[in-house]
Amino acid sequence: MKPVAFAYVRARTLEEAIACLAGTDGEAKLLAGGQSLTPMLNMRLVRPATLVDINRLPGLDRVERDADGILRIGALVRHTDLLRSPLARAHGPLLVEAARHIGHRAIRNRGTVGGSLAHADPAAELPAAAVALDARVSIEGAAGAREVDAADFFQGLFTTALRADEILTGVHVPPADGARWGFAEVARRAGDFALAGVAVVTRAPAGTCTHARVVAFGVGPTPARLRSAEALVVGARIDEAVAHAAGEAAAAECAPTDDVHASASYRRHLVAVLTARAVLQAAAGGA
């Protein structure tokens with residue numbers, strides 16, 4: 001199949017892109033990497049009246065760190081560029097590890113950080129990593145600029161806090177402050193969407209965990225913080241027994257459903273195993 005007919009606009013500025021969105025009454029789609037949008041167009045799952053190409057927008061393809069230590073990643077940063085960025089590897093290694101699991105090289109070469117977040121696929125890696133890192137999503141629209149906590153940005157299946165006339169412009173990761181991370185997923189084949197995955201961030205300045213984020217993906221409509229697992233980790237000196245208990249708590253808390261790829265019970269089993277694995281990886285300082 002081929003897409004239905006649409007108007008094409010190559011925006012030169014952010015203001016022009018926002019104006020295009022505002023003038024189409026929600027009937028426009030943004031084109032960045034196009035790795036999710038193009039097949040959806042071809043299958044006619046989406047039928048926009050206008051396609052707004054934002055690849056030429058200046059300043060959104062950078063990875064920077066400001067004076068406050070915040071890592072600022074522009075929406076048009078390609079996954080491959082994130083993997084190669086010394087700043088991202090030093091100050092956002094969980095995002096780098098998550099990006100390493102995205103699709104295949106050709107997809108990573110074109111796909112963008114902003115596109116992955118805005119698409120909000122429940123099995124995607126970057127949204128879960130952003131929630132685990134307490135990141136904030138930067139948005140600009142006709143009413144001005146705003147920031148949204150990543151945990152509040154993802155609102156449902158392929159649904160975010162973005163309004164029809166708004167563009168996701170970047171993601172901001174707070175300073176690491178001794179944070180450690182873990183990441184694990186299971187997919188049928190390398191490059192496939194995960195059947196289940198877990199991202200973990202901890203802080204244990206004196207050996208005892210004082211902060212934990214345990215976030216599962218592929219097991220619900222949005223990245224899911226597993227607070228019962230977090231509660232077991234905080235206040236503990238992490239070892240295999242603690243990690244195993246956190247995994248069991250995580251499995252009990254998540255609520256996956258059956259589909260053609262895996263049963264709910266199998267996904268719960270994966271969450272238990274992957275949580276324990278990621279918690280131990282974080283305790284060991286990431287790898």
Side-chain angles (χ1 to χ4, degrees), residues 1-3 6 8-14 17 29-43 45-46 48 51-65 71-130 133 135 137-138 150 154 158 160 162 167-173 181 183-195 197 199 217-218 223:
M1 294 181 67
K2 297 297 180 183
F6 53 80
Y8 173 81
V9 176
R10 176 177 285 177
R12 301 286 181 173
T13 66
L14 184 60
K29 286 288 184 182
L30 296 176
L31 174 64
Q35 298 306 290
S36 297
L37 178 61
T38 300
M40 292 175 72
L41 287 169
N42 286 338
M43 291 186 286
L45 297 175
V46 294
L51 201 61
V52 183
D53 187 338
I54 61 172
N55 280 283
R56 300 292 181 89
L57 299 189
L60 299 186
D61 58 352
R62 302 171 184 166
V63 179
E64 301 172 320
R65 190 166 183 252
L71 183 67
R72 298 182 179 273
I73 302 169
L76 293 179
V77 171
R78 310 288 172 181
H79 302 316
T80 294
D81 294 330
L82 183 66
L83 290 169
R84 292 173 176 169
S85 167
L87 281 175
R89 291 199 300 268
H91 303 289
L94 176 58
L95 286 173
V96 173
E97 182 63 18
R100 206 171 266 129
H101 287 77
I102 295 173
H104 303 281
R105 180 173 295 180
I107 291 172
R108 294 191 293 271
N109 286 346
R110 290 299 306 162
T112 63
V113 171
S116 181
L117 297 176
H119 186 54
D121 191 303
E125 292 86 356
L126 287 182
L133 288 165
V137 177
S138 177
F154 304 103
F158 301 110
T160 71
L162 281 171
I167 296 176
L168 188 159
T169 56
V171 59
H172 304 159
V173 181
W181 61 272
F183 185 92
E185 71 170 47
V186 167
R188 289 186 180 275
R189 299 169 300 181
D192 282 3
F193 282 109
L195 297 177
F217 58 98

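Along the sequence shown, residues carry numbers from 1.
Judged by distance alone, with hydrogens and angles left aside, the side-chain atoms of Arg78 form a donor-acceptor pair with the main-chain N or O of Arg110 at under 3.5 Å. Judged by distance alone, the side chain of Gln35 and the main-chain N or O of Gly33 form a donor-acceptor pair under 3.5 Å. When atom types are taken as modelled, the side chain of Thr80 and the backbone of Arg108 share a donor-acceptor pair closer than 3.5 angstrom.
His79 is listed as a side-chain neighbour of Ser116, based on a closest heavy-atom distance under 4.5 Å. Residues Leu31 and Val52 form no side-chain contact, since every pair of their non-hydrogen atoms from C-beta on lies 4.5 Å or further apart. Side-chain atoms of Arg10 and Arg56, non-hydrogen and from C-beta on, do get closer than 4.5 Å to each other. Between Lys29 and Val46 there is a side-chain heavy-atom pair separated by less than 4.5 Å. Counting heavy atoms from C-beta on, the side chains of Pro122 and Phe154 never come closer than 4.5 Å. Residues Phe193 and Arg188 have side chains not in contact (no heavy-atom distance under 4.5 Å, counting atoms from C-beta outward). Side-chain contact between Met40 and His119 is present, with heavy atoms from C-beta onward closer than 4.5 Å. Side-chain atoms of Val63 and Asp81, non-hydrogen and from C-beta on, never get closer than 4.5 Å to each other.
Nearest approach of Pro127 to Pro223, heavy atoms of both residues: CB-CG, 3.8 Å. Between Leu30 and Ile167, the closest heavy-atom pair is CD1-CG1, 3.7 Å. Of all heavy-atom pairs spanning Pro48 and Leu41, the tightest one is CD-CD2, 3.5 Å. Heavy-atom minimum distance, Thr112 versus Ala32: OG1-CB, 3.8 Å. Taking both residues in full, the closest heavy atoms of Ala88 and Leu71 are given as CA-CD2, 4.2 Å, listed atom of the first, atom of the second, then distance. Across every non-hydrogen atom of Ala11 and Leu57, the tightest pair is O-CD2, 3.7 Å.
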Would you check, one step at a time, whether the test side chain to side chain contact (heavy atoms under 4.5 Å, CB included) holds for Leu51 with Val9? CA-CA 6 Å; Leu51 201 61; Val9 176; over 6 Å; no
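One distance of note links NE2 of His91 with CZ of Arg65; it measures 4.0 Å at 0.5 Å rounding. The CG atom of Leu117 sits 6.0 Å away from atom CG of Leu126, with the distance rounded to the nearest 0.5 Å. Summarising the geometry, atom CG belonging to Leu87 is positioned 11.0 Å from atom CG belonging to Leu82; distances are rounded to the nearest 0.5 Å. A distance of 12.0 Å separates OG1 of Thr13 from CD1 of Ile54, quoted to the nearest 0.5 Å. Of the inter-residue distances, the one linking Ile107 atom CD1 with Ser36 atom OG reads 8.5 Å to the nearest 0.5 angstrom. The structure places CD of Glu125 at 11.5 Å from CG of Leu95, a figure rounded to the nearest 0.5 Å.
Checked options Asp61, Leu76, Ile73; the residue passing with Val113 is Ile73 (criterion: side chain to side chain contact (heavy atoms under 4.5 Å, CB included)).
For the side chain to side chain contact (heavy atoms under 4.5 Å, CB included) test, residues two or more places apart in sequence or in another chain that qualify with Thr38 are Asn42. By the side-chain hydrogen bond (donor to acceptor under 3.5 Å, both in side chains) test, Arg84 pairs with no residue at all, sequence neighbours left out. Applying the ring pair (Phe, Tyr, Trp, His ring centres under 6.0 Å) rule to His101 yields the partners Phe183; only residues at least two apart in sequence or on another chain are considered.
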